[in-house]
Amino acid sequence: MESSYDVIVAGAGLAGTLAAAAAAKAGASVLLLDRNTPEEPGKKTNWGWVCGDAVAKSHTDFIKDELGYSFGEPELELKVDGVYAISPDFKNKIAFDGEGYVLDRPKFAQKLRDIAVKNGAHYFTGHEVEGPILEGNKIMGVFGKDDKKEHYKVNGKIVVDALGIASMLRRRLPTVAHEYVQKDISIDDIESTGRYIVDFEPTREDLNFYDPKNCLIHLNQQLAPGGYGWVFPKRGAKTNIGLGVEKHSIDIRNAKMGKKDTLHTLIDQYIEWNPIVKNTKLNDEHKNGKGYWSVTVRRQLDCLVYDNYIGAGDSMAMPNPISAGGIGPALVSGILAGQMAAEAVQESKLDMDNLWKYNLRYNESYGNKTAGLEVFRIYLQSMNNEMINYGMAHFLTKEEAIQISYGLVPELSMSSALTKIIHGVANITAFNNLRFVIAKMKKLNELYANYPKDRTHFRAWQTAVNAEIADAKERFKPNPI
């Protein structure tokens, strides 16, 4: 390892490897640091690459468009036509997200690592990144422990933070930086998730429980309070099956039902509940068969940059607030972060004011829809199974539901409104709640369409966004049962 680099990328997950690849491709000297072994880039925990493994085709196309690399077997394990969200009573199924792939996650990680190294990134494994080197409020590089557990320091002009949700870089930024880049993420904005990868023997065909050509999401507040269950097909009779839960929702559900369930017991019950996925056997290839992790379900952090610092992927709370899907935003943000870092080095403009463009680029590419989706997630968590069934049947047309899944704001039809009136006052109240949510989504989309071009107006913008989110949280409390 040299003593200094143009760009230091901390973490060789999806965002980190692509940031390193993009920065190196643009001519910067790049150091890519990862705590894992060379064979296990970006592995999240001892359990493996805990992930739903699904990604939209549009996001792999983004890599091809920006870096010129395509993907195929074995890293793209299975092509799927789309994703279906299924109501608790199975009477309604809504398609969204379009075609994509279920990944062989470890092999996809290795492929991205190889792309980074091929473009010239210096890749060091077994290196834990513990925080930024600071001189006053200025970031000069990173420090940590190497593969021999010895302390190291390395200087860099720009640090790209791709360390994930618990990033020690983000949390150890100087106090003045936390006026822009939030230090901590509220537990209310985090879901606990877990999944198994299993081989199984299908008992029969039922596309409500297992679909070899589509990813399935089960909305069911008793099975997955505050979240959802998923069954994502993989090659052959193999599936990625798991669920996510929200802490307050599971506590309320347990109290009302007299249960003491945890994420672990709920996953086991979810697999037992599925009548198609039977005679399961854990597929522990790459020691990746079973795992648990925390995922953010909020909009990305309000600001993603500070002097000499750029954040990408899970470290900036970028997973989709409704689906908790983090692969797509990690791929997009990683490339944009690497490009921005190299550009800033070439211009010798490493300050926050110049790096601010990254906020705008990420919002334009993905982030401008996430605050609206966060409000819709808050709304969903306030609905029990009966109301979810009714809402999916009557509140939205399939076209309107698809619009919402993409972060767009539908215009609720008059015929839909009249249907609510016919079905009584209780449902009128529920429908009015949906109208409230749609209005909030529209307002938040407008705010993000006018994200401040520089930090001069950031505080006023942030205050307005926080007020809209707080208003939604005050109106909609978790109510799974």
Side-chain angles (χ1 to χ4, degrees), residues 1-13 15-17 19-20 22-24 26-36 41-42 116 120-185 301 303-316 333-334 337-356 358 455:
M1 186 187 298
E2 299 174 11
S3 61
S4 181
Y5 293 83
D6 291 333
V7 179
I8 298 174
V9 180
T17 47
S29 64
V30 178
L31 174 63
L32 174 61
L33 296 172
D34 196 39
R35 67 183 180 183
N36 298 297
H122 299 257
Y123 174 54
F124 281 79
T125 60
H127 280 59
E128 194 84 32
V129 177
E130 297 181 334
I133 299 171
L134 299 177
E135 288 187 6
N137 291 325
K138 186 174 177 60
I139 296 171
M140 304 297 294
V142 301
F143 69 88
K145 290 190 178 71
D146 64 17
D147 52 353
K148 299 179 178 62
K149 304 302 179 185
E150 296 178 354
H151 293 280
Y152 74 88
K153 291 183 179 181
V154 59
N155 292 327
K157 297 175 182 177
I158 293 276
V159 173
V160 176
D161 181 356
L163 289 180
I165 185 174
S167 169
M168 294 305 295
L169 282 174
R170 185 191 73 240
R171 297 172 69 186
R172 288 182 168 177
L173 289 174
T175 301
V176 65
H178 287 142
E179 295 177 10
Y180 295 91
V181 183
Q182 291 108 303
K183 177 180 180 180
D184 298 310
I185 297 171
L301 299 189
C303 177
L304 311 172
V305 299
Y306 177 63
D307 294 343
N308 310 83
Y309 173 90
I310 302 173
D314 289 2
S315 67
M316 297 291 107
S333 65
Q339 291 172 340
M340 184 72 252
E343 179 183 317
V345 168
Q346 290 164 1
E347 295 175 349
S348 297
K349 295 180 179 179
L350 310 173
D351 58 282
M352 184 179 184
D353 290 326
N354 184 56
L355 297 178
W356 196 267
Y358 173 68
R455 59 171 155 171

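Predicted model, so just to flag it, every value in this text is computed and none were measured.
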Taking all atoms of both residues into account, what is the closest heavy-atom pair of [X] and [Y], and its distance?
X: Cys303; Y: Tyr180; answer: CB-O, 3.3 Å
X: Leu169; Y: Gly131; answer: CD2-C, 3.4 Å
X: Ala15; Y: Ser333; answer: CB-OG, 4.3 Å
X: Asn137; Y: Pro174; answer: OD1-CB, 3.5 Å

So, using side chain to side chain contact (heavy atoms under 4.5 Å, CB included) as the criterion, who are the partners of [X] when residues are at least two apart?
X: Glu150; answer: Asp146, Lys148
X: Ala341; answer: Val7, Ile158, Val160, Ile310
X: Ile133; answer: Met140, Phe143, Lys153, Asn155
X: Ala20; answer: Val9, Val30, Leu32, Ala116, Ala121

Item to complete: Could you grab the distance from atom CG of Leu173 to atom OG of Ser167, nearest 0.5 Å is fine?
Response: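 Taking CG in Leu173 and OG in Ser167, the distance rounds to 7.5 Å.
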Fill in: Point-to-point distance, once rounded to the nearest 0.5 Å, from CE of Met1 to CG of Leu31
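Met1 atom CE to Leu31 atom CG measures 5.0 Å (nearest 0.5 Å).
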Hey, are the side chains of [X] and [Y] touching, using non-hydrogen atoms and a 4.5 Å cut-off?
X: Val154; Y: Val142; answer: yes
X: Arg171; Y: Asp184; answer: yes
X: Thr17; Y: Tyr123; answer: no
X: Tyr309; Y: Arg170; answer: yes
X: Asn36; Y: Thr125; answer: no

Looking only at atom types and distance, does a side-chain atom of [X] sit under 3.5 Å from a main-chain N or O of [Y], one as donor and one as acceptor?
X: Ser315; Y: Asp161; answer: yes
X: Glu347; Y: Asn354; answer: no
X: Asp34; Y: Pro41; answer: no

Check side chain to side chain donor-acceptor pair (under 3.5 Å) between [X] and all other residues, then give those that pass, not counting sequence neighbours.
X: Asp314; value: none
X: Gln339; value: Glu66
X: Asp351; value: none
X: Ser29; value: Asp6

Can you list everything that forms a salt bridge (charged side-chain N to carboxylate O under 4.0 Å, His left out) with [X]? Sequence neighbours excluded, please.
X: Lys145; value: Glu130
X: Asp147; value: none
X: Asp307; value: none

Item to complete: Would you list the pairs meeting ring pair (Phe, Tyr, Trp, His ring centres under 6.0 Å) in which at least one residue belongs to residues 144-165, sequence neighbours left out?
Response: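 The answer is His127-Tyr152.
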Worksheet item: Could you go step by step and tell me if Leu355 and Met340 meet the side-chain contact (heavy atoms from CB on, under 4.5 Å) rule?
Response: CA-CA 7 Å; Leu355 297 178; Met340 184 72 252; 4.2 Å; yes
Worksheet item: Are Val345 and Leu350 close enough, and set up right, to give a side-chain contact (heavy atoms from CB on, under 4.5 Å), and what steps lead you there?
Response: CA-CA 7 Å; Val345 168; Leu350 310 173; 4.2 Å; yes
